[in-house]
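What follows is a set of notes on a single structure, which appears directly below.
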Amino acid sequence: MGEPFIRVRGLEQKFGSQHVLRGVDLDIIRGETLVLLGGSGGGKSVLLKHLPGLLRPWKGTVEVDGEDISLLDERQLAPYRRKVGIMFQNGALFDSMSVEENVAFPLREIGVKDAKEIKDRVAEALEIVRLPGQQKKMPSELSGGMRKRVALARAVVGRPACVLYDEPHAGLDPITADSIDHLIKDLQHHHGMTNVVITHEMRSVFHIADRVVFLQEGRVHWTGSPEELKDTQDPILRPFVDGDSGEPWVGSPLQSAG
Ligand SMILES: Nc1ncnc2c1ncn2[C@@H]1O[C@H](COP(=O)(O)OP(=O)(O)OP(=O)(O)O)[C@@H](O)[C@H]1O
Ligand SMILES: [Mg+2]
């Protein structure tokens with residue numbers, strides 16, 4: 001295995017009395033696409049938000065590009081935020097801003113002021129996500145898949161070394177989900193990006209993952225290749241691979257009412 005770009009050690013996070021992360025140890029290797037799996041509410045999004053320092057560890061450390069960022073203040077964090085772009089769960093675009101303003105937002109945050117540079121970099125990011133010339137559209141004029149791609153453009157516009165995607169496939173049809181997968185692999189292969197993807201879409205896992213990590217009870221329960229995942233006999237993973245929630249099927253309330 002290559003050198004880690006991000007190294008997480010003994011990461012713990014608590015919200016009130018809820019102990020969400022209970023000692024996560026994880027290496028994210030430079031240039032890989034890592035897929036993060038786990039049950040709903042298990043702490044995947046919380047873990048992801050620690051990587052660009054949007055959340056502070058309660059215990060443990062997060063190293064980005066060789067530096068422990070867990071104790072840095074907002075100003076000291078800025079250069080690390082530039083290295084790690086994030087596409088949030090639900091894609092959250094600003095509805096009152098055009099596509100161009102949405103994508104330009106992180107550039108303004110990192111202090112790019114030159115109007116021509118902003119314009120060029122937004123155009124380049126929209127090319128990458130295959131939405132060229134859509135600058136003037138408003139989010140309400142876009143389809144769900146287009147909105148995801150604008151959110152992706154916003155995550156990559158600062159040319160980060162690593163991009164984090166929180167459920168980029170949610171709510172998309174299989175063809176649009178495939179196009180997101182192609183973009184993710186394209187960023188890895190042609191732009192050298194390290195990708196960390198949270199998804200529930202098994203189809204996508206097998207399309208994009210170099211390595212899979214399964215989070216369970218606030219810790220890394222399993223790590224392996226997609227091939228190993230396919231063959232696993234682990235009783236916790238098996239239902240995920242088979243697309244079975246593991247919950248007993250109780251039938252539809254509408255049917256039972258009739
Ligand atoms: N800022 C916060 N304040 C309080 N509790 C939080 C906060 N963020 C997350 N939680 C709680 O932490 C737990 C883990 O949430 P998280 O969003 O990481 O789950 P997840 O694994 O991403 O789930 P899903 O697959 O449904 O997106 C949940 O119980 C959630 O309510
Ligand atoms: Mg989540």
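Order of listing sets the numbers, starting from 1, for every ligand and every atom in it. Position 1 is the first residue of the sequence, and the numbers go up from there.
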Q: Measure from the side-chain N and O atoms of Lys44 to the backbone N and O of Gly39, and report whether any donor-acceptor pair falls under 3.5 Å.
A: yes

Q.
Using a 3.5 Å distance criterion without hydrogens, assess whether the side chain of Arg81 forms a donor-acceptor pair with backbone atoms of Pro52.
A. yes

Q.
I'd like to know whether His182 forms a side-chain hydrogen bond (donor to acceptor under 3.5 Å, both in side chains) with Asp186, so could you lay out the CA-CA distance, the side-chain angles of the two residues, the decisive distance to 0.1 Å, and finally the verdict.
A. CA-CA 6 Å; His182 280 119; Asp186 191 61; over 6 Å; no

Q) With distance as the sole test, does Asp27 use its side chain to make a donor-acceptor pair with the main-chain N or O of Arg7 at under 3.5 Å? A) no

Q. Do we get Arg154 above Phe94's six-membered ring, with its NZ or CZ under 6.0 Å from the centre and within 45° of the axis?
A. yes

Q) In this structure, which one of Lys59, His19, Arg22 forms a side-chain hydrogen bond (donor to acceptor under 3.5 Å, both in side chains) with Glu12? A) His19

Q. Name the residues with a heavy atom less than 4.0 Å from ligand 1?
A. Phe15, Gln18, Val20, Gly39, Ser40, Gly41, Gly42, Gly43, Lys44, Ser45, Val46, Gln89, Glu167, His200

Q. What pairs with Asp178 under salt bridge (charged side-chain N to carboxylate O under 4.0 Å, His left out), at least two apart in sequence or on another chain?
A. Arg203

Q) Pairs in or reaching into residues 220-233: which pass salt bridge (Lys or Arg N to Asp or Glu O under 4.0 Å), with residues at least two apart or in two chains? A) none

Q | Protein N, O or S atoms lying under 2.8 Å from the Mg ion (ligand 2), listed by chain and number | A | Ser45 OG, Gln89 OE1

Q | Candidates Lys113, Arg121, Lys119 - the one meeting salt bridge (charged side-chain N to carboxylate O under 4.0 Å, His left out) with Glu117 | A | Arg121

